[in-house]
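As the structure lists them, so they are numbered: ligands from 1, and atoms in each ligand from 1. Keep in mind that this is a model prediction, so the values were computed, not measured.
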Amino acid sequence: MSKKLFKKILVANRGEIAVRVIRACKLLDIPTVAIYSTADKNALHTLLADEAVEIGPPPPRESYLDFKKIVETARAHKCDAIHPGYGFLSENPQLPIACEKARLTFIGPSAEAMRLLGNKVQSRIKMATAGVPIIPGMKASGENIFQFESAAEEAGYPVLIKAAAGGGGKGMRIVNRREDLASSVEAAKREAKNAFGDDTVYLEKYIENPRHIEFQVLADDHGNTIHLFERECSVQRRHQKIIEETPSTALTPALRVQMGNAAVRVANAAGYRNAGTVEFLFDKSGSFYFLEMNTRIQVEHPVTEMTTGVDLVVEQIRIAAGEKISDYVLEAKQRGHAIECRIYAEDAENNFLPSSGEILFYQEPVGPGIRVDSGVEQGTVVGVEYDPILAKLIVYAPTRELAISKMIQALKEYKFLGIKTSRKFMIDVLSHPEFKAGNTYTNFIEKHFSDRTVDVVPALELAAAVSTVAMAQGSKARPTAVKQAKGLSPWQTIGPWEIGMRITK
Ligand code: MV4
């Protein structure tokens, strides 16, 4: 390595992605500072970094989301850059703004690009103007019921009401008939207000059972904007992705070129720099529509790395330092097939309830074309404070069929004792004939595994959690404890209680 890109990087995250970023820094010979909450004192990321700084108690708001404290920590420890990972502060424009004030480099896009792409209405208009296909629907937020009615007539029912500040499925409402439109708009507004503090909503044609196909893009300060092909992410459960793969079984070479070009147009229209992901919905007729652009490194980035040979986190760091995208990256080709399974700490046999406890025994699969990106090791105590992703298992093989076999084999060899994981469920999904046939749509799990995914209405879920707390704490139980935990499911906030209840249809 000729010249150091940065003096020291603060990694503003935890779990497997913090570990992934620290390892990329080691490759580049850049020292790292990890931050950790008191719940993560002995977590893998704190042990791997050159320095580790405790920044607060477990609630994210008081630690991993406290951007002021994080920027101060970076300054105090002589860092010159911050990598945000995914989740937490990664898509919050306040972090790049605070970084700029403190003369730190934010490893990611500008606050302006983030803000534009965070607003779904604004980014739709921008992308339509740039010639990118968007889902038929409103070109501005809906101001009154008449606008919603005429937009719905034009698009044709069913339609979908979405929050401008949304993403991830929150605040979305499907409307099948005109009679239900007004009440659905009102309900969507209330939900958007609660979730995002912004009740702006708009309407789109509802695309039934689409595929979710996204393109990895990279853009540098030297005029290079490229894409590194697609990832098929349709297999998900309640907006939580489970399996990602590349290439997608749905794309022809011609479609891949068209969508890749559209992804590059999206990045350029947004003035985007660094690594980002352009999401598309892909319908039964083979049409694709821009959905949103994610302004971070994504959980599923390794499948792109396996099939292109590109180290995306290294490129993120190089681009942030003002370097040109590496030549080998500019010439990257897509080769072979890669699949990723997310290993969640959850009980797939018990309505996917979060699982917690100490990992008493842990053994990763090894072999050619097998990669494990893990945030845990034997002895790690898994809590319920954070995202339940423990690790990602990624395999690479020359063909999809061989990759599926390799993944099933690797999942069988992946050993966890002490906590429940989604490992066995993943084996069942990969063994399903419809998965093997490549018939992966966003309703795949719902359609083929409905016996395992029992819908619990949020209100019931909340009531069950509150009553569990009440049983445990007697008269001191206060439902406000649940209300304070914005954005987290009550199951994630009730603490280390085992709930002996099974809800069946
Ligand atoms: C849609 C859609 C169908 N039609 N928009 C879900 C998350 C949010 N970011 C956008 N989402 C969707 N938007 C229209 N007009 C279906 C989904 C959707 C979905 C999208 C991507 C991946 C998984 C999904 C699961 C259910 C619904």
Check ligand 1 for N or O atoms under 3.5 Å from a protein N or O and list each pair with its distance.
{"from": "ligand 1", "atom 1": "4 (N)", "to": "Ile207", "atom 2": "N", "distance (Å)": "2.9"}
{"from": "ligand 1", "atom 1": "5 (N)", "to": "Lys162", "atom 2": "NZ", "distance (Å)": "2.9"}
{"from": "ligand 1", "atom 1": "9 (N)", "to": "Gly168", "atom 2": "N", "distance (Å)": "3.4"}
{"from": "ligand 1", "atom 1": "9 (N)", "to": "Glu292", "atom 2": "OE1", "distance (Å)": "3.0"}
{"from": "ligand 1", "atom 1": "13 (N)", "to": "Lys162", "atom 2": "NZ", "distance (Å)": "3.1"}
{"from": "ligand 1", "atom 1": "15 (N)", "to": "Glu204", "atom 2": "OE1", "distance (Å)": "2.8"}
{"from": "ligand 1", "atom 1": "15 (N)", "to": "Lys205", "atom 2": "O", "distance (Å)": "2.7"}

Describe, in one word, how the ring planes of Phe280 and Phe288 are oriented to each other, choosing from parallel (under 30°), tilted (30 to 60°) and perpendicular (over 60°). perpendicular
Would you say the side-chain atoms of Asp311 pair up with the backbone N or O of Val313, donor to acceptor, closer than 3.5 Å? yes
Strictly distance-based, threshold 3.5 Å: is any side-chain N or O of Thr399 a donor or acceptor partner for the main-chain N or O of Leu402? yes
Given side chains that start at C-beta, do those of Lys162 and Glu204 come closer than 4.5 Å, heavy atoms only? yes
Does Glu300 pair with Lys392 as a salt bridge, N-O distance under 4.0 Å? no
Check whether Tyr157 forms a cation-pi arrangement with Arg178 (NZ or CZ under 6.0 Å from the six-membered ring centre, at most 45° off the ring normal). no
